[in-house]
Number of protein chains: 2
Amino acid sequence: MNVLIVYAHPEPTSLNGSLKDFAVRRLEASGHQVQVSDLYAMQWKASLDAGDTLAPRSDAPFHPSLDSKHAFENGLQAPDIAAEQEKLRWADALVLQFPLWWFSMPAILKGWVERVYAYGFAYGVGEHSDARWGNRYGEGTLAGKRAMLVVTTGGWESHYGPRGINGPIDDILFPIHHGILYYPGFDVLPPFLVYRTGKMDAERYATTTDALGARLDELFTATPIAWHPQNSGAYEIPALTLKPEISPGQTGFAAHLADAA
Amino acid sequence: MNVLIVYAHPEPTSLNGSLKDFAVRRLEASGHQVQVSDLYAMQWKASLDAGDTLAPRSDAPFHPSLDSKHAFENGLQAPDIAAEQEKLRWADALVLQFPLWWFSMPAILKGWVERVYAYGFAYGVGEHSDARWGNRYGEGTLAGKRAMLVVTTGGWESHYGPRGINGPIDDILFPIHHGILYYPGFDVLPPFLVYRTGKMDAERYATTTDALGARLDELFTATPIAWHPQNSGAYEIPALTLKPEISPGQTGFAAHLADAA
């Protein structure tokens, strides 16, 4: 199968760099084809702006989504954007690997999402009607592919626990898991997490790579997180709220799980 | 009072640009001093990297936090970083204004946080002991200052409601409110939100600016969101989990509110 790793860390000799190299070797040893978008090495342009289209619409000021649509539909996207979209089309699975900086992905990776996720490619796809609100949240251009996060953080696991001060890690990652990956159609696997990176030694590194290797071995067989697809009947349209009989009385991110309590 | 607006939108004639201009006029009319960091106009460097220090540590590969610490302590930060820190010291209140892109702030603003929030300035501040885990979450360099988000989104309010498909807006913004603003000490006000930006007309624009003006008028008097400060006794240290008697049985972001149910 084809695996795209989008990787965001500025230092090749870092823990993140080592884990990325390990992942490439493990996946290739399993017979997969691997491409890596090493965003820092590529000097990826992080900020979405008018330079992302080769020929802006002539009749209006720059508009992030309308100019993205125009460029996508007319083959006028900046070449770096089109190249990443092509890698996504090629991939059967996407791995986003990054250190958790200020409780989200690094800016350079956020800018990859913003620029590569063009209107017509990752959003603004499909019909809007009484029964459908576009192909998103479980449907879309990237449906049928899998995605998984590999995330490192200096904090302790307890800090990210159900009552931990940073908030539960599943909730911190929900906007990425559900809002960035499930949105254009990916089946999203539970994340692979490394805590307390400041306390990494040879022994922990060995157990960490063992665990990461096991997760990569089941990249195409593990059970994805089961959210309700948007157009499956679980949501009122156009309010896009859960119907009363779905997760009755429940609110918040976890209410969108198909197996919510 | 002194107000810093950090603003992230690529097009000056956009709704965001108009709201930013309105905010500057309103605040100045109230007698406040206003500075604007217009990140796109400044061509703000979004990606944190080894270029952020004028003289890297000589004994080791680049390390995001250790090199940040070294640069901050030795006056070796890139001038754009030091200038933004000086604006934060000057400010009595910070407004972050941005369109919600993929359920978070634009990459250029995330990169402002990552680069300006140096080790020793916004994290790694204060003692670590049995009773304290650094000056953070309610204490820190920026304690005594206020902060508020002004956020626009194309989605409907119901999409961001308690059972809305995107997740509740308060939960989507928690990593920014609590993790980026409360962390270095800001008192955080409820956000000002504009939904369905694609359906803005003159009438809605007038009511929107009226509402924004009212919120800016009470920037220094409104009641901040009341979370438990980290070192106030509400958390076990070093696990940093809420003590059993605090928000008993409750989990998730909202459990950290001092007035949690």
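A quick note: this is a predicted structure, and the numbers were derived from the prediction, not measured. Here is how names work: the chains are called A, B, and so on, in the same order as the sequence lines, proteins then strands, and each is numbered from 1.
Contacts of A/Pro184 with chain B are absent, with no heavy-atom separation under 4.5 Å from either backbone or side chain. Neither the backbone nor the side chain of A/His63 comes within less than 4.5 Å of any heavy atom in chain B. Contact of A/Ser14 with chain B is not made at all, since no heavy-atom distance falls under 4.5 Å. Of the atoms belonging to A/Trp133, it is side-chain heavy atoms, and not backbone ones, that fall under 4.5 Å from chain B. Residue contact with chain A, scored on non-hydrogen atoms closer than 4.5 Å, involves the backbone and the side chain of B/Tyr117 alike. For A/Phe253, the parts sitting under 4.5 Å from any heavy atom of chain B are the backbone and the side chain alike. Of the two parts of A/Tyr235, only the side chain, counted from C-beta on, holds a non-hydrogen atom closer than 4.5 Å to a non-hydrogen atom of chain B.
Contact annotation for residues 98-107 of chain A against chain B (heavy-atom separation below 4.5 Å, listed by residue number): A/Trp101, A/Trp102, A/Phe103, A/Ser104, A/Met105, A/Pro106, A/Ala107.
Note: A/Pro64 leads A/Pro64, A/Ala50, A/Gly111 in heavy-atom pairs under 4.5 Å with chain B. If you tally non-hydrogen atom pairs under 4.5 Å between each of A/Ala234, A/Pro168, A/Gly167 and chain B, the highest count goes to A/Pro168. The most heavy-atom pairs under 4.5 Å with chain A, out of B/Thr13, B/Asn166, B/Ile172, B/Leu39, come from B/Asn166. Ranked by heavy-atom pairs under 4.5 Å with chain A, the list B/Glu11, B/Gln230, B/His9 is led by B/Glu11. Each of A/Leu240, A/Thr251, A/Thr241 has some count of heavy-atom pairs under 4.5 Å with chain B, and the biggest count is that of A/Leu240. Most heavy-atom pairs under 4.5 Å with chain B, from the set A/Ser65, A/Pro175, A/Pro61: that is A/Pro61.
Judged purely by atom type and a 3.5 angstrom limit, B/Arg163 has no side-chain atom pairing as donor or acceptor with the backbone of A/His256. A/Tyr40 places a side-chain N or O within donor-acceptor distance of the main-chain N or O of B/Leu48, the cut-off being under 3.5 Å.
Interatomic distance, B/Glu114 CD to A/Ile108 CD1, rounded to the nearest 0.5 Å: 9.5 Å. The CD1 atom of A/Ile165 sits 8.0 Å away from atom CD1 of B/Ile237, with the distance rounded to the nearest 0.5 Å.
Shown here are the salt bridge (charged side-chain N to carboxylate O under 4.0 Å, His left out) partners of A/Asp49, two or more places apart in sequence or in another chain: A/Lys45. Residues that satisfy the side-chain hydrogen bond (donor to acceptor under 3.5 Å, both in side chains) test with B/Tyr183, not counting sequence neighbours, are B/Arg136.
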Please tabulate, for the side chains in residues 150-162 of chain A, all donor-acceptor contacts under 3.5 angstrom to protein atoms that are two or more places apart in sequence or on a different chain.
{"unit_1": "A/Thr152", "atom_1": "OG1", "unit_2": "A/Asn16", "atom_2": "ND2", "d": "2.9"}
{"unit_1": "A/Thr153", "atom_1": "OG1", "unit_2": "A/Gly155", "atom_2": "N", "d": "3.3"}
{"unit_1": "A/Thr153", "atom_1": "OG1", "unit_2": "A/Tyr160", "atom_2": "OH", "d": "3.0"}
{"unit_1": "A/Ser158", "atom_1": "OG", "unit_2": "B/Ala239", "atom_2": "O", "d": "2.8"}
{"unit_1": "A/His159", "atom_1": "ND1", "unit_2": "A/Trp156", "atom_2": "N", "d": "3.4"}
{"unit_1": "A/His159", "atom_1": "NE2", "unit_2": "B/Pro238", "atom_2": "O", "d": "2.9"}

